[in-house]
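What follows is one structure encoded as structure tokens, with my remarks underneath.
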Amino acid sequence: MYEHAELNYKYSNSMVPNRFLPKYQLFILYQELGDKDKIQEIALDIVNSPIKVPSYTVTLIINNAKEWLNKNEEYVYNR
């Protein structure tokens, strides 16, 4: 039911675009699907999103996105 999950996460993200959890759930979903284009898109969105309320969870989410981008640096720049 990946398509249903994706629609719900996108809907959730559109309702409150400054929240990190819906973006992170999309990030995880795209990792499970192996869609590197979408992973990169959402990882960049996560990294470039302003932090309104700093928290440990937000820090972990941003670090995971940065880690993916660093590990896949070759992919990101060779597209």
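Quick caveat, the model's predicted, so the values are computed rather than measured.
Interatomic distance, Lys38 NZ to Asp45 CG, rounded to the nearest 0.5 Å: 14.5 Å. Rounded to the nearest 0.5 Å, atoms CD1 (Ile61) and CD1 (Ile28) are 8.0 Å apart. Note: Ile42 CD1 to Leu29 CG = 10.0 Å, rounded to the nearest 0.5 Å. Note that CG of Leu44 is 5.0 Å distant from CG of Leu69, once rounded to the nearest 0.5 Å. Between Lys23 atom NZ and Ile62 atom CD1 the span is 9.5 Å, to the nearest 0.5 Å. Of the inter-residue distances, the one linking Asn18 atom CG with Ile51 atom CD1 reads 11.5 Å to the nearest 0.5 angstrom.
Tyr30 places a side-chain heavy atom less than 4.5 Å from the side chain of Glu6. The shortest distance between side-chain heavy atoms of Thr57 and Phe20 does not fall below 4.5 Å.
At least one donor-acceptor pair closer than 3.5 Å links the side chain of Asn72 to the backbone N or O of Trp68.
Cluster membership for Val47 and Leu21, using ILVMFWY side-chain heavy atoms within less than 4.5 angstrom, is shared.
Heavy-atom minimum distance, Ala43 versus Phe27: CB-CE1, 3.7 Å.
Residue-environment remark: CD (Glu3) stays at or below the threshold of 12 foreign heavy atoms within 6.0 Å.
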